[in-house]
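Below, chains carry the letters A, B, ... as their sequence lines are ordered, and counting in each starts from 1. Just so you know, these numbers use all the heavy atoms, side chains as well, and skip hydrogens, waters and symmetry mates. Predicted model only: the values in this text are computed from it and were never measured.
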Protein chains: 2
Amino acid sequence: MARTQGITIKDVARRAGVSITAVSHALNGKGTLSAATREHIREVADEMGYAADALARGMRSSTMGAVGLVLRSLDALGDYKPEGVDVFEKFVGAAASQALARGLSLMLVPDLTRAPVPPLTFSMDGYIITNPHRDDPVVALLDKRGIPYVTYGRAPGRPDFPYWASEDDAASARLVLDHLAARGARSIALVRGTDANAWNDEHEEAYAAWCAARNMPARLYELAERAGVGGGVDLARRITADGLPDAVFCLTGRHAAGVQEGLIAQGIAVPDQVMVVAGSDSEHSRGARPTISALELDPVGSSGALLDILQALIAGTEPAAPRITQAHLRERESTRRRPG
Amino acid sequence: MARTQGITIKDVARRAGVSITAVSHALNGKGTLSAATREHIREVADEMGYAADALARGMRSSTMGAVGLVLRSLDALGDYKPEGVDVFEKFVGAAASQALARGLSLMLVPDLTRAPVPPLTFSMDGYIITNPHRDDPVVALLDKRGIPYVTYGRAPGRPDFPYWASEDDAASARLVLDHLAARGARSIALVRGTDANAWNDEHEEAYAAWCAARNMPARLYELAERAGVGGGVDLARRITADGLPDAVFCLTGRHAAGVQEGLIAQGIAVPDQVMVVAGSDSEHSRGARPTISALELDPVGSSGALLDILQALIAGTEPAAPRITQAHLRERESTRRRPG
DNA sequence: CTGAAAGCGCTAACAT
DNA sequence: ATGTTAGCGCTTTCAG
């Protein structure tokens, strides 16, 4: 196909007894038509079930009504079906429904920089890029082509780029740290990923600041995202070797699950001896025993905000950006101690 | 945007010193050009980084290099982010990567029948529809527009429609039932959903046949997909009231988790008194305690097969269809009894 | 206020 | 073997 079957603007024009220009203007609210003809044309078009062909419309440098979605973090993982990594799948679902609510289609484009690029790639009205990396080639490509884009999480190394939305990572980090401190934690370790994205960087920064303000030594560990649960299990050994902290804050759910598993395997009680928190909720945090407290992100709010910004960008108006959403801490067994 | 920035066929033609037709033909392997010019044109085009504009190409009734994906089951649930329903999200991920591997983009189109329809909707080369219902309006719409489509799971009530792929539901059902029988189950209840799709229907049919062949009474329960875990918990009461079976086979993971929870709440031991199996693996089956044995579908294999069929359909060649994939039973604690 | 006409970039008849 | 040309359906000047 790729072609609309039926009714064209010509058909409507003929039936309404006007020119195709009139139809185009009436339906797009342009030009100078009398209210009467405008109304008449609209009625005829409705009656005929006319819908402008997106391709032809796009040809005339208008818009496609479609935006692309690039899941950078999954590109980095090199796997579009990592077990239990549901943050991105949730985001896809949320973005799709938010896009529909705005009359936009959502096109999944796994990796723009790997050839061959799918044909429609550069015809999209704009792009959402999740968790761009430092010096992200996808970002560079879109910049070069002049295609508008927004990022989920700010683009690292580009402090002036305002078109992003995200949960407030610094606030999220403090939320977790305060929660742990309220439950008696005096020494908290942070386990971040190795991807150079804002998610990792901002949490680390907030953690360092929080520790400094309390004169608490920072204990920072890095663990590759793709190391998964197994990497967490191994890391637990290193953590205990460095001296048992009161709590471990892992930015990913699978690392948290692994670290907890590793701790328990060493006979350490969670939450009694060590508390564990995950920075992003996932099946791993929910399914672990004890269940792991975790930050719940706001994919619906974030993707909605991103689409708002992107639509403004496409329309050429100045968007309110960046937009910040809030994560919530879902308390579970791994931090179930009496506060105070 | 919606418009490619730079290089058009014209530019290539001028630079190569030929007509635009020559370029078009050279690049599409059509017409009658000398091997020399063909080669020359290709080189020039490559050098200039030319890529045909998908829109303009689409206009000439060619193809878009993009297929749509409609997730019917989620439409029915009325919610694109149901907790723990990851079958479809996994399918989306698998389909996206399979599409990319074939040079196709994948467009998510939540519901074709609800207005307003996103503009690009009818410009797609074809569609994948997951789990179509009986008399599905989306199917009817695509038929009417003459847009090719394939279905994940056969279209109920349309036995002659061959363009589908799916795990072998009947085989899956027998796999589960044999597994349970091998562990001593003499009375097995089936809990199916209420959606009129092949998934539910075929499992039920295979179940009935299996029971009949063994002279075992069939105990069939229906539970709405959207009733979720809570519905399963409630159903457990009805099941026990009808007399405790040796095993319960729930087609969805959330129903299985609910039923198991309900049984345990009544003091019934799983798997010792009753075994529980889920027909589709999900977070609920993995996260429950005891963990629930479940069928693992093959989203990569299925979506790959669907795209093969769809591509053939689009190209106008006769595809090998339908294509059957196999589900595997993932044994977990809920059926951990000694076989025999 | 309204409409004729020129393209957008491409493909495919139809010349040459 | 190569080029000319007519559109695909739409938007948008620019004349009436």
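- In this structure, the salt bridge (Lys or Arg N to Asp or Glu O under 4.0 Å) partners of A/Glu47, at least two apart in sequence or on a different chain, are A/Arg15.
- Residues forming a salt bridge (Lys or Arg N to Asp or Glu O under 4.0 Å) with A/Arg42 (at least two apart in sequence, or on another chain): none.
- Taking 4.0 angstrom as the limit, B/Arg57 places none of its side-chain polar atoms (N or O) nearer than this to OP1 or OP2 of C/dG9.
- Residues that satisfy the side chain to side chain donor-acceptor pair (under 3.5 Å) test with B/Thr317, not counting sequence neighbours, are absent from this structure.
- Atom CZ of B/Arg154 is separated from atom CG of B/Asp160 by 9.5 Å, given to the nearest 0.5 angstrom.
- Annotation: salt bridge (charged side-chain N to carboxylate O under 4.0 Å, His left out) contacts involving residues 23-40 of chain B, sequence neighbours excluded, are absent.
- Qualifying salt bridge (Lys or Arg N to Asp or Glu O under 4.0 Å) partners for B/Asp11, counting only residues two or more places apart in sequence or in other chains: B/Arg14.
- Counting to the nearest Å, the C1' atom of C/dC10 and the CG atom of B/Leu55 are 11 Å from each other.
- Distance, A/Met59 CE to C/dC10 C1': 7 Å, rounded to whole Å.
- Remark: C1' of D/dC8 and CZ of B/Phe122 are 19 Å apart, rounded to the nearest angstrom.
- Annotation: proximity of residues 29-40 of chain A to DNA chain D (heavy atom, distance under 4.0 Å) is found for A/Lys30, numbered in ascending order.
- If you take CD1 of A/Ile9 and C1' of D/dT12, they are 11 Å apart, rounded to a whole angstrom.
- With rounding to the nearest 0.5 angstrom, the CG atom of B/Leu306 is 5.5 Å from the CD1 atom of B/Ile128.
- Each of A/Lys10 and A/Ser24 was matched to the nucleotide of DNA chain D holding its nearest heavy atom; the match closer to the 5' end belongs to A/Lys10.
- Looking at the side chain of A/Asp53, the nearest of the listed nucleotides C/dC10, C/dT11, D/dC10 is D/dC10.
- Applying the ring-ring contact (aromatic ring centres under 6.0 Å, His included) test to A/Phe161 and every residue at least two apart in sequence or in another chain returns A/Tyr149, A/Tyr163.
- Rounded to 10°, the helix from C/dC1-D/dG16 to C/dT16-D/dA1 has 50° between the axis fitted to its first five pairs and the one fitted to its last five.
- When distances are taken from the side chain of B/Asn28 to each of C/dG3, C/dT11, D/dG3, the shortest belongs to C/dT11.
- When the P atom of D/dC10 is taken as reference, atom CZ of B/Arg60 falls 15 Å away, rounded to whole Å.
- With sequence neighbours excluded, the residues satisfying ring-ring contact (aromatic ring centres under 6.0 Å, His included) with B/Trp199 are B/His203.
- Under the salt bridge (charged side-chain N to carboxylate O under 4.0 Å, His left out) criterion, the residue pairs touching residues 126-142 of chain B are B/Arg72-B/Asp136, B/Arg134-B/Asp201, with sequence neighbours excluded.
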Please write out each protein N/O paired with an N/O of nucleotides 13-16 of chain C under 3.5 Å, distance rounded to 0.1 Å.
none

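- Atom CE in A/Met64 sits roughly 18 Å away from atom P in C/dC8 (whole-Å rounding).
- If you take CD1 of B/Ile20 and P of C/dG7, they are 14 Å apart, rounded to a whole angstrom.
- Annotation: salt bridge (charged side-chain N to carboxylate O under 4.0 Å, His left out) contacts involving residues 92-102 of chain A, sequence neighbours excluded, comprise A/Arg102-A/Asp308.
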